[in-house]
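Below is one structure, written out as structure tokens, with a few remarks after it.
When reading the values below, keep in mind they use all heavy atoms of this one structure, side chains included, and skip hydrogens, waters and symmetry mates.
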Amino acid sequence: SMRLLGNIIWLVCGGLMTAASWFILGAVFCLTLVGIPIGIQCFKMAGLTLTPFGQTVVYGESITSTLVNILWAITFGWLFAFAYLFSGIVNCLTIIGIPFGIQSFKMMKLAFAPFGARIVPII
């Protein structure tokens, strides 16, 4: 299927390295008790970055997740989101890269506000 092919190309062209980076960052955050919630969000990003085609992000809004997302966005989130924005723009410069750019934009939103979000398969 096209999703499988997209995921394979994604992995070969940097997705595997990016997912590994998110996993390592999550493991480092999990070394402290306070960092565990952030580490869990990094693992969520690693999972989506590993196979973005065929998955979507569902956002559940609660006051707690909104407040934590604001804190995340002003500390780390803006930097990660900017990296995905840049990647998405570069990918969209070619017709063949547009599907990969769309995946980068999906991850940009999650990188900016990961708390309260779930990754679900597209059926």
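- Between G26 and C42, the shortest heavy-atom distance links the atoms CA-CB, 3.5 Å.
- Annotation: side-chain hydrogen bond (donor to acceptor under 3.5 Å, both in side chains) contacts involving residues 106-116, sequence neighbours excluded, comprise Q103-K106.
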Take Q55 and L48 through the side-chain contact (heavy atoms from CB on, under 4.5 Å) test and state the conclusion after the steps. CA-CA 7 Å; Q55 297 191 74; L48 181 61; 4.1 Å; yes
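- Every side chain to side chain contact (heavy atoms under 4.5 Å, CB included) that I9 has, sequence neighbours left out, goes to L5, C13, F100.
- For the atom pair CD1 of I70 and OG1 of T75, the computed distance is 11.5 Å after rounding to the nearest 0.5 Å.
- Hydrophobic clustering of Ile, Leu, Val, Met, Phe, Trp and Tyr side chains at less than 4.5 Å, counting indirect connections, unites I89 with M108.
- Within a 6.0 Å sphere centred on OH of Y59, heavy atoms belonging to other residues, nucleotides or ligands number more than 12.
- Contact annotation: the side chain of S104 approaches that of W10 to within less than 4.5 Å [non-hydrogen atoms, C-beta and beyond].
- Side chain of N91 to backbone of I98: no donor-acceptor contact under 3.5 angstrom is found.
- F29 pairs with exactly one of F23, W72, W22, F76 by the ring-ring contact (aromatic ring centres under 6.0 Å, His included) rule, that one being F76.
- Rounded to the nearest 0.5 Å, atoms CD1 (I74) and CZ (F112) are 9.5 Å apart.
- Contacts classified as side-chain hydrogen bond (donor to acceptor under 3.5 Å, both in side chains) and involving residues 24-49 (residues at least two apart or in different chains) are given here: Q41-K44, T49-Y84.
- At least one donor-acceptor pair under 3.5 Å links the side chain of R3 to the backbone N or O of I122.
- Both I40 and L33 are members of a single hydrophobic cluster when ILVMFWY side chains are connected at heavy-atom separations under 4.5 Å.
- Side-chain contact check for S65 and S62: at least one donor-acceptor pair (N or O, by modelled atom type) lies under 3.5 Å.
- Looking at every heavy atom in both residues, I96 comes nearest to P99 through O-CD, 3.4 Å.
- The line from CD1 of I38 to SG of C30 is 9.5 Å long, rounded to the nearest 0.5 Å.
- Under a hydrophobic clustering in which Ile, Leu, Val, Met, Phe, Trp and Tyr are joined whenever their side-chain heavy atoms come within less than 4.5 Å, directly or via other members, M45 and F43 fall into different clusters.
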Given N7 and L50, is the side-chain contact (heavy atoms from CB on, under 4.5 Å) satisfied, shown in steps? CA-CA 8 Å; N7 283 326; L50 199 56; over 6 Å; no
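- F53 and I102 end up in different hydrophobic clusters when Ile, Leu, Val, Met, Phe, Trp and Tyr side chains are linked at under 4.5 Å.
- L110 is not listed as a side-chain neighbour of F80, based on a closest heavy-atom distance of 4.5 Å or more.
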